[in-house]
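Okay, structure first, notes after.
Counting convention: from 1, in listed order, for ligands and their atoms alike.
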Amino acid sequence: MASQSNAAPPLLDLTIDNITPNTNRINSQCNDRRLVYLMTRLVTHLHDFARETRLSSEEWMAALNFLVGCGQISNDVRHEFILLSDILGLSLLVDSINHPKPPLSTEGSVLGPFHTHDAPTMPSGGEMSSDPEGEPLLCVCTVKDTHGQPIRDVKIDIWETDSSGHYDVQHAGRDEKGPSERCVMLSDAEGQFWFKGIKPVSYPIPHDGPVGKLLEKLGRHCWRPAHLHFMFEKEGWDHLITALYVRGDKYETSDAVFGVKQSLIVDLDKADKATAEKYGVKEGSWLLKHDFVLVTKQETDDLKDKNALEALEKLGLRMKLVDHLPIPELD
Ligand code: BEZ
Ligand code: FE
């Protein structure tokens, strides 16, 4: 724990105008300069929000009750705060800041609350869906670097909903039945991996809690366009969390969680005879071919630093970067 200094300012007669600097001062006594910076900016923006909106006591209490409600409905598999971050655009924003993408690399998308750590590892060709109602989809993919060279042994997590638009964890009895519509695979020496899933469907994000009520009040729908999730991990490479969206979905341009990017919209094809024989699927099955492009950790860190320094300079802030994160320049 960071050590604390005893030089706390006297906190007396605080007013609309001096509450902010005083709160920041009392929060600035620890040695963790990143924490001090985060708290100072948070308090400053929160207080400005209250001053600018003339926040009423009723609104303040409603907001607190909203957060209490988010906590009360959350459990191991229901993450209402992630949903809140998603529908406020914060998840997409944080991902974009932390995983900037050079041209031609695969863009990121929202993680969402339904990734799990217990997906079965399968060799290429594995069937990751056991849903008999789903329309079979063969996915044939590669993972390469920005120079077109294949990357082997990348760990790829893949997950999607069943044909009813639910993730396995949203069904009762998941503990006994185990994971479904999800798998983990490794890319081969040519950077290839392929699997059998089902054609994704659009589905509503969980909307029976406080976040759903908020969307309704805002006149927003709660739907996500049809997609498949992918997560790529390999030492030395930037962790990529992304998704592929099926072109033409009704919600393509109004995703409730802002995850869609043009470069992630894909066309589905139908497997011809040769493809069907090669991959052991029925001729005419849905087919998705996609090449993912990863970026090295070094390239990402350099781009992240460059973007951070440019953004901070534009804001007129004197900052230095420590571990790629800004803290105020004191000297
Ligand atoms: C998802 O795509 O799984 C998802 C993302 C954000 C909120 C809810 C679900
Ligand atoms: Fe999803």
*By number and element, which atoms of ligand 1 are closer than 4.0 Å to a non-hydrogen atom of L83?*
7 (C), 8 (C)
*asked:* Checking a contact table here: which protein heavy atom is nearest atom 5 (C) of ligand 1, and how many Å away?
replied: G112 CA, 3.3 Å
_Is a donor from one side chain sitting under 3.5 angstrom from an acceptor on the other, for T20 and T44?_
no
_More than 12 heavy atoms from other groups under 6.0 Å of NZ on K289_ = no
*NZ/NE/NH1/NH2 to OD/OE distance under 4.0 Å, R174 and D118*: yes
_Sub-4.0 Å heavy-atom contact, Y203 with ligand 1_ = yes
_Any side-chain to backbone donor/acceptor pair from R34 onto P326? Under 3.5 Å, distance only._
yes
*In ligand 1, which numbered atoms sit nearer than 4.0 Å to a non-hydrogen atom of P113?*
4 (C), 5 (C), 6 (C), 7 (C), 8 (C), 9 (C)
*Would you check whether H227 has a nitrogen or oxygen atom less than 3.5 angstrom from a nitrogen or oxygen atom of ligand 1?*
yes
_Vertex the Fe ion (ligand 2), rays to OH in Y167 and OH in Y203 - rounded to 10°_ = 100°
*Without hydrogens or angle criteria, can the side chains of S109 and Y245 be said to hold a donor-acceptor pair below 3.5 Å?*
yes
*To the nearest 10 degrees, calculate the angle at the Fe ion (ligand 2) involving NE2 of H229 and NE2 of H227.*
90°
*So does D267 have more than 12 non-hydrogen atoms from other groups sitting under 6.0 Å from CG?*
yes
*Same cluster for I265 and L104 if Ile/Leu/Val/Met/Phe/Trp/Tyr side chains link at under 4.5 Å?*
no
*Look at the side chain of R51 and the backbone N and O of I16, then say whether any donor-acceptor pair between them is shorter than 3.5 Å.*
yes
*asked:* Within ligand 1, which atoms have a heavy atom of D86 less than 4.0 Å away?
replied: 6 (C), 7 (C)
*asked:* Distance under 4.0 Å to a non-hydrogen atom of V257: what atoms of ligand 1 satisfy this?
replied: 6 (C), 7 (C)
*For H229, is the nearest heavy atom under 4.0 Å from an atom of ligand 1?*
yes
*Number the atoms of ligand 1 from 1 as they appear, then name those within less than 4.0 Å of a heavy atom of F114, with their elements.*
3 (O), 9 (C)
*Donor-acceptor pair between D162 and S164 side chains, under 3.5 angstrom*: yes
*Which ligand 1 atoms does I205 reach within 4.0 Å, using its non-hydrogen atoms?*
7 (C), 8 (C), 9 (C)
*Quick one: does ligand 1 sit under 4.0 Å from the side chain of I82, the backbone, both or neither, non-hydrogen atoms only?*
neither
*Any heavy atom of Y167 sitting closer than 4.0 Å to ligand 1?*
yes
